[in-house]
Amino acid sequence: MRTDDVNALIREVTDRLILPRFRHLAPDEVIQKHPGDLVTVADREAEVALTQALQRATPDAVIVGEEATFADPTTLTRLNGADHAWVIDPVRRHPQLRPRQ
């Protein structure tokens, strides 16, 4: 998969699943995994979409997502010895962005 294709995939998933929800999430669409470590429905759905698309494009690659790893920490062991891997963390809060009060 070429870099331009990966960039296009990320833009498509962002436009479809993340941006429409930015600052428009209901309280039940945000979960606190640990104090100060939030995950949203957009986060989880974007990770699933990216994982599925990357699996189709690169079936032999190991794909490890932040939320999948939170659910099953042993997922990280799949990276050991991988010839090709994707590590997905779809939403990172920019330090200058603050949650709406």
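In this text the structure is predicted, and so the values were computed from the model without any measurement.
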query: Would you find a donor on one side and an acceptor on the other, under 3.5 Å apart, between the side chain of E29 and the backbone of A26?
result: yes
statement: For residues 41-82, the ring pair (Phe, Tyr, Trp, His ring centres under 6.0 Å) pairs (sequence neighbours left out) are H34-F70
query: Transitively linked via ILVMFWY side-chain contacts under 4.5 Å: V41 with V48?
result: no
- line: In this structure, CD of E47 is separated from CG of D89 (nearest 0.5 Å) by 8.0 Å
field: Value rounded to 0.5 Å, distance of OG1 in T51 from CD in E67
entry: 10.5 Å
field: For L38, the option from V30, L25, D43, I31 that meets side chain to side chain contact (heavy atoms under 4.5 Å, CB included)
entry: V30
message: As a quick check of understanding, evaluate side chain to side chain contact (heavy atoms under 4.5 Å, CB included) for I63 and V87, giving each step before the final call.
response: CA-CA 6 Å; I63 302 172; V87 178; over 6 Å; no
Pairs where residues 40-65 contributes a residue and the test ring pair (Phe, Tyr, Trp, His ring centres under 6.0 Å) is met, not counting sequence neighbours: none
- request: Under the side chain to side chain contact (heavy atoms under 4.5 Å, CB included) rule, what do V39 and R44 come out as? Steps first, then yes or no, please.
  value: CA-CA 7 Å; V39 62; R44 292 188 308 266; 3.9 Å; yes
- prompt: Going only through I, L, V, M, F, W and Y residues with side-chain contacts under 4.5 Å, is there a path from V64 to L50?
  reply: no
task: Given side chain to side chain contact (heavy atoms under 4.5 Å, CB included), test R21 with E45 step by step and report yes or no.
output: CA-CA 11 Å; R21 292 179 166 130; E45 289 179 8; 2.8 Å; yes
query: Would you say the side-chain atoms of T58 pair up with the backbone N or O of D60, donor to acceptor, closer than 3.5 Å?
result: no
message: Is it true that, when you exclude D83 itself, more than 12 heavy atoms of the residues, nucleotides or ligands shown sit nearer than 6.0 Å to its CG?
response: no
query: After noting the C-alpha distance and the side-chain angles of V6 and W86, does the key distance pass the side chain to side chain contact (heavy atoms under 4.5 Å, CB included) rule?
result: CA-CA 11 Å; V6 175; W86 297 101; 3.4 Å; yes
- prompt: Got a second to check how far R2's CZ is from N7's CG, nearest 0.5 Å?
  reply: 10.5 Å
message: Measuring from atom OG1 of T69 to atom CG of L76, what distance do you get when rounded to the nearest 0.5 angstrom?
response: 4.5 Å
